[in-house]
Amino acid sequence: MTADELHVVVETTDDGVVLIRVRGSLDGWSGSEDLVRALDGASAQGRRLTVADLSQLEFADSTGLHTLLNAHQRHTEAGVPLVLAGPFMIGVQRLFEVSGTQDSFRFADTVDAALTC
């Protein structure tokens with residue numbers, strides 16, 4: 001896998017959490033289809049919680065932000081909390097800050113912290 005590729009792994013815990021681990025770049029070049037499918041599937045399952053582990057996400061642009069905002073909307077409609085877990089790389093953190101969307105999401109410093117939300 002190169003740094004420009006997006007890699008998505010989905011795990012489901014026994015206590016009703018869908019954990020989506022995201023690695024690489026989330027932008028127009030790398031494509032977001034796998035992440036969209038994973039997030040859509042998680043909201044449709046109606047589990048207790050979805051955690052998107054973005055700690056290995058190296059880069060995200062407006063395409064990635066759009067993907068996450070849409071997922072947040074779908075999760076809200078399904079009544080399933082969506083938590084974005086870090087620690088976030090500086091470029092990803094800055095995307096939320098400069099876009100003014102940091103209040104649109106529920107964040108946790110780590111996956112372990114997100115699991116207790």
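Fair warning: this is a prediction, and the values are worked out from it, not measured in the lab.
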Whichever hydrophobic residues join Ile90 through chains of side-chain contacts under 4.5 Å: none

Nonpolar side-chain network containing Val17, other nodes, edges under 4.5 Å: Leu19, Leu49, Val51, Val83, Val111, Leu115

Arg37 and Asp40 ion-paired at < 4.0 Å: no

Cationic N near anionic O, under 4.0 Å, Glu97 to Arg94: yes

Work out which heavy atom in [X] is nearest to a heavy atom in [Y]; give both atom names and the distance.
X     : Y     : answer
Glu58 : Met89 : CA-SD, 3.6 Å
Leu6  : Ser32 : CD2-CA, 4.1 Å
Asp61 : Gly28 : OD2-N, 3.5 Å
Val10 : Ala38 : CG2-CB, 3.6 Å
Thr50 : Ala42 : OG1-CB, 3.5 Å

Mind checking whether [X] and [Y] have side chains closer than 4.5 Å, heavy atoms only?
X      : Y      : answer
Asp103 : Phe96  : no
Val9   : Ile20  : no
Gln45  : Val18  : yes
Thr63  : Leu26  : no
Leu84  : Arg106 : no

Any donor-acceptor N/O pair, Arg74 side chain to Asn70 backbone, under 3.5 Å: yes

Check: Ser25 main-chain N/O paired with Ser30 side-chain donor or acceptor under 3.5 Å: yes

According to a hydrophobic-cluster definition based on side-chain heavy atoms being under 4.5 Å apart (Ile, Leu, Val, Met, Phe, Trp, Tyr only), do [X] and [Y] belong together?
X      : Y      : value
Phe107 : Leu69  : yes
Leu95  : Phe105 : yes
Phe59  : Val8   : no
Val22  : Val36  : no
Leu35  : Val80  : no

Asp109 atom CG, neighbour heavy-atom count above 12 within 6.0 Å: no

Residue pairs involving residues 9-19 (criterion side chain to side chain donor-acceptor pair (under 3.5 Å); sequence neighbours excluded): Glu11-Arg21, Thr13-Asp15, Asp15-Arg48

Exercise: do Ser55 and Asp53 side chains pair donor with acceptor under 3.5 Å: yes

Side chains of Ser104 and His72, donor plus acceptor under 3.5 Å: no

